[in-house]
Amino acid sequence: MNKKRFILDSAAEGFPELEVPAQFQKDLLNWYHKNARVLPWRSQPSPYRVWISEMMLQQTRVDTVIPYFQRFMEALPDIPALAEVTEDKLLKLWQGLGYYNRALNLKKTAQVLMSQYGGQLPPDREALLALPGIGPYSAGAISSIAFGRAVPAVDGNVLRIMARLLASYEDINQGAHKKKMQAFMEKLVSPEEPGNFNQGLMDLGAGICLPNGQPKCPDCPVQAHCKAYRQELTALIPVKIPKKKRRIEEKTVFVIAWQERYALQKRKSGGLLPNLWEFPNREGHLKPEESRELLKDMGIQAVSITPLAASKHIFSHIEWHMKGFLVTGEVDERGASPFTWVTKEEIQQEYSIPTAFQAYTKSLEEE
DNA sequence: AATTCGGGGGG
DNA sequence: CCCCCAGAATT
C-alpha cells in the first residue's frame, strides 16, 4: 500500500524549468475556457460522477466511455447503489469496456466508502490513493476536478505534452521519468483552477498535441512555451521504448445447445477476464473426435458436432486463435454437467461475456 | 523495472 | 499491420 505514496515525494530534478509558468497556466486556461469538450461527467461534476468517469477513462478513449457512463449512471446513480449491486450486474454494465478489475474495484471501493467514509469520497489525494483502483493519476484527477485541490493529474497526455514543452528525450514510460514529471507538475499546476488546468492538458493532448508526430502546432495555445516546437523536434518527441510482441494461444470453443439453452461457465476470479462468463473451451485446436470424447467426460452426449467459423481476438499481450464447434446433444442428468444452461435472451440481458467470444455469441443469433 | 491486465479507433 | 488511449496492480 505504501508504494502508491511515491507521488508525494518531491524530486523534480533533471528538467529545465518553463520560462514563465504563470503565463503558461494563463494561456492554457484561457484556451480551455473557450474550447473545453462538452462531456457528460463535466456537466454535473459530482465526486461520484467524476470518480466513475476517471475509472472508465483509464486507458480508454472518451468516445468509447460516453455510452457506458450514461448507462452506468442510470443503473447505479450513487455510491450506495454501487456498494450493493450484484457482481454479475456490475460486470454486465462493464461488458466490452475491458480491464474488468476496474469494475470489481469500483464495488470494493464503494463498500469502503460506505463503511469508513460516511458514503462519500474523501477529497484528499492521499485518502483517494489508498482506495482500490485509484492510483496516482486518478487520485490527482478526482481531488482536483471534484474537490478543487491543487494537485496534478499526470496521464499519458501530460507526459507527451510536457516532454515536448521541455524538449525532453527521456523515455516517458519509464517509472523514474513519471516520478520526476509528477514532481514537476506539483509546482506547475494552477492553484486557482487545478481541475480546469488538468482537464485543459487532457483536451490539449486529445485535440492538439497529438501523438505519433502529428501535433497541430499552429492551433496550439501554448506554442510560445514549447521548446520542441521552436527546435522542430515535435516529430521526434516524445520518446518511447518499443513494446514487446504478443504471444499466441490456440483455443477450441464449444457452443453447446440443449433444450433451447446454451452452456456457459464462469471464469476464475484472478487473471484475464476475471469472473466473466464464457463458452466452454479448451486450449489447442481439437478435432471433432477429440471434442466428442472431451464432451462425454463432461456429461455431454454429443449428437452432432459441426464446425463454426474460426476467429481471432487480439488483447494487448495475447492473441487468441479460436476454432469453434456447434454441439447439439443430450445431458446425462440435470445438473450433472459443470455448466450453467442459459437462454439466448439471458445471455443478452444478464450474462457478461467478453468481446473475445463475439464470433460465437453471434452464431447463436443464427440458430 | 517489467509484466499483466481489453478493446477499439485510426494511420 | 502498427500505434495509442484521462493507468493500476502485481511480480
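None of these values were measured; they are calculated from a predicted model. Note that these values count all heavy atoms, side chains included, but never hydrogens, waters or copies made by symmetry.
Side-chain atoms of Pro307(A) and Lys323(A), non-hydrogen and from C-beta on, never get closer than 4.5 Å to each other.
Cation-pi geometry between Arg71(A) and Tyr68(A) is satisfied (NZ or CZ under 6.0 Å from the ring centre, within 45° of the ring normal).
Residue Lys240(A) places at least one side-chain N or O closer than 4.0 Å to OP1 or OP2 of dC5(C). Not one side-chain nitrogen or oxygen of Asn212(A) sits closer than 4.0 Å to the OP1 or OP2 atom of dC3(C). Between Lys312(A) and dC1(C) there is a side-chain polar atom (N or O) within less than 4.0 angstrom of OP1 or OP2.
Using a 4.0 Å heavy-atom distance criterion, Leu39(A) is classed as a base contact. Within 4.0 Å (heavy atoms only), Ser138(A) reaches sugar-phosphate atoms of the nucleic acid but no base atom.
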- If the sugar-phosphate is the primed atoms plus P, OP1 and OP2 and the base is the rest, what is the B/S/- string for nucleotides 1-8 of chain B, using protein heavy atoms under 4.0 Å? SS-SBBBB
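When all heavy atoms of Gln70(A) and Pro40(A) are compared, the closest pair comes out as NE2-CG, 3.7 Å.
For the pair His285(A) (side chain) and His321(A) (backbone), a donor-acceptor distance under 3.5 Å is present.
Annotation: salt bridge (Lys or Arg N to Asp or Glu O under 4.0 Å) contacts of Glu293(A) (sequence neighbours excluded): Lys296(A).
dG9(B): Watson-Crick or G-U partner is dC3(C), with both key distances under 3.5 Å.
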